[in-house]
Engineer: 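Take a look at this one; I'll ask things after.
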Amino acid sequence: MRKDIDPSLLRAFVAVVDSDGVTAAASALGLSQAAASQQIKRLEEVLDCRLFERRGRKLALAPAGERLVAQARRLLAVNDEVWTAMRAPAFEGEVRLGVPYDIIATFVPPILKRFARARPQVRVSLVCEDSRVVREALRSGGVDLALTTETDCGRHGETLRTDRLVWVGAPGGEAHRLDPLPVSLGAPTCLFRPVAVEALGRARRDWRAVCEVSRLEPVYAVLEAGLAVAPLLRSSVPPRFEIFEGARARAARLPPLPSFRINLYAPPALSAAGRDLADHVRASFAG
């Protein structure tokens, strides 16, 4: 008749192998030497074979013990994995976080990483859209809290940081010298778009749209190819691009752009998990 193997017997066996002896293994397991020896004896009885043999004064693996080592480690790993999974805190809910494309890569990953470590029982769903769409989703209940980039701050919002909108292009590129100016403007819902268009109008600089999407991958592709310039938040500009500021911007006839606020919207009725995530967001921007 098949017998089940007590994981504690396998753990004692592996400890003896790793410690090169019963004495050190017993200490690692928090057992007396006699108790550790008894566990090895019980395992040998269950398996009906000798697992160790004496070679002089040293305890060495017998052939059966050599066959058992790898399998014992696998069984213990599965045992520990099941134990950890079943002991994990119960699921405590979900928080839907809305974030615009322009700041997600710069600010959000470390926030989510710290929150997942602190609250593993809470799921975070990320909704990435333009700030205007994110605010609409917040009003309609599509997201629970939101980060936005805006020129002002609305009801239930708080400004975490102010950042300047800047013109960006490829190092050594010629796009900024062209007339009309080729510009990557974002989708119609992008809040950077009307601001950039208004600034170019005041400067009487003719322009043409090259890329009209808000996702940053195609914007970056156009910039790297030297086909256009784009308005981006200064803190979000990758180091591979050139920022036009001051005299460089004036020489390129690129008009100054206003500052934008990075706002957090955490409605009063937010769940406890949502409030905790909002605190993590605040702490990230305060640091």
Side-chain angles (χ1 to χ4, degrees), residues 99-111 128-132 134 147-154 157-264 281 284-287:
V99 187
Y101 300 110
D102 42 278
I103 60 172
I104 188 167
T106 306
F107 297 107
V108 173
I111 296 172
C128 192
E129 293 286 352
D130 287 323
S131 290
R132 183 179 298 166
V134 168
L147 277 170
T148 64
T149 49
E150 306 169 282
T151 53
D152 56 5
C153 187
E158 55 188 286
T159 298
L160 303 178
R161 182 173 298 181
T162 300
D163 199 0
R164 176 162 290 280
L165 199 64
V166 293
W167 293 105
V168 179
E174 297 293 323
H176 61 282
R177 302 179 188 277
L178 301 178
D179 282 307
L181 178 71
V183 186
S184 177
L185 281 175
T189 53
C190 176
L191 295 179
F192 295 170
R193 182 185 180 113
V195 168
V197 169
E198 182 181 352
L200 290 169
R202 286 198 307 267
R204 297 184 179 181
R205 181 78 189 267
D206 290 335
W207 58 275
R208 63 182 179 87
V210 174
C211 181
E212 295 184 272
V213 295
S214 298
R215 293 183 181 274
L216 290 178
E217 291 87 349
V219 172
Y220 290 165
V222 167
L223 293 180
E224 288 190 60
L227 299 180
V229 295
L232 298 175
L233 287 180
R234 200 183 197 292
S235 61
S236 70
V237 179
R240 64 184 183 274
F241 295 125
E242 179 178 2
I243 297 174
F244 293 92
E245 292 182 296
R248 181 97 171 109
R250 289 191 294 273
R253 294 190 297 125
L254 294 174
L257 298 170
S259 293
F260 268 69
R261 301 183 182 196
I262 299 177
N263 296 326
L264 171 66
V281 173
S284 179
F285 279 88

Engineer: Which residue pairs satisfy the salt bridge (charged side-chain N to carboxylate O under 4.0 Å, His left out) criterion with at least one member in residues 163-178, sequence neighbours excluded?
Structural biologist: Glu174-Arg177
Engineer: Can you tell me how far apart OG (Ser214) and CG (Leu191) are? Round to the nearest 0.5 Å.
Structural biologist: 9.0 Å
Engineer: Arg250: what forms a side-chain hydrogen bond (donor to acceptor under 3.5 Å, both in side chains) with it, not counting sequence neighbours?
Structural biologist: none
Engineer: What pairs with Pro258 under side chain to side chain contact (heavy atoms under 4.5 Å, CB included), at least two apart in sequence or on another chain?
Structural biologist: Val195, Phe260
Engineer: Any ring pair (Phe, Tyr, Trp, His ring centres under 6.0 Å) involving residues 169-190? Give me the pairs, sequence neighbours left out, ordered by first then second residue.
Structural biologist: His176-Phe244
Engineer: Looking at Trp167 and Leu257, would you say the former's side chain and the latter's main chain have a donor-acceptor pair under 3.5 Å?
Structural biologist: no
Engineer: For the pair Asn263 (side chain) and Asp152 (backbone), establish whether a donor and an acceptor sit closer than 3.5 Å, ignoring hydrogens and angles.
Structural biologist: yes
Engineer: Just wondering, do Thr149 and Leu165 contact through their side chains at under 4.5 Å, heavy atoms?
Structural biologist: no
Engineer: So, using side-chain hydrogen bond (donor to acceptor under 3.5 Å, both in side chains) as the criterion, who are the partners of Thr148 when residues are at least two apart?
Structural biologist: Glu150
Engineer: Just do the side-chain contact (heavy atoms from CB on, under 4.5 Å) check on Phe285 and Ile262 with the steps written out, would you?
Structural biologist: CA-CA 10 Å; Phe285 279 88; Ile262 299 177; 3.8 Å; yes
Engineer: Output all residues satisfying salt bridge (Lys or Arg N to Asp or Glu O under 4.0 Å) with Glu242, sequence neighbours left out; order by chain, then residue number.
Structural biologist: Arg248
Engineer: Can you list every salt bridge (charged side-chain N to carboxylate O under 4.0 Å, His left out) pair that touches residues 180-197, not counting sequence neighbours?
Structural biologist: Arg193-Glu212
Engineer: For Leu147 and Leu160, run side-chain contact (heavy atoms from CB on, under 4.5 Å): C-alpha distance rounded to whole Å, both residues' side-chain angles, the deciding distance at 0.1 Å, then the answer.
Structural biologist: CA-CA 9 Å; Leu147 277 170; Leu160 303 178; 3.8 Å; yes
Engineer: Which residues pass the side-chain hydrogen bond (donor to acceptor under 3.5 Å, both in side chains) test with Arg208, not counting sequence neighbours?
Structural biologist: none
Engineer: Would you indicate whether the side-chain heavy atoms of Phe107 and Ser235 approach each other to under 4.5 Å?
Structural biologist: yes
Engineer: Output all residues satisfying salt bridge (Lys or Arg N to Asp or Glu O under 4.0 Å) with Arg205, sequence neighbours left out; order by chain, then residue number.
Structural biologist: Asp179
Engineer: Would you be so kind as to tabulate the donor-acceptor pairs closer than 3.5 Å made by side chains of residues 220-229, with sequence neighbours excluded?
Structural biologist:
residue, atom, partner, partner atom, Å
Glu224, OE2, Arg240, NE, 3.1
Glu224, OE2, Arg240, NH2, 3.4

Engineer: What pairs with Tyr101 under ring pair (Phe, Tyr, Trp, His ring centres under 6.0 Å), at least two apart in sequence or on another chain?
Structural biologist: none
Engineer: Run the side-chain contact (heavy atoms from CB on, under 4.5 Å) test on Val183 and Val197 for me, step by step, so that the C-alpha distance in whole Å, both residues' side-chain angles and the decisive distance to 0.1 Å come before the verdict.
Structural biologist: CA-CA 10 Å; Val183 186; Val197 169; over 6 Å; no
Engineer: List the residues meeting side-chain hydrogen bond (donor to acceptor under 3.5 Å, both in side chains) with Arg215, not counting sequence neighbours, and say none if there are none.
Structural biologist: none
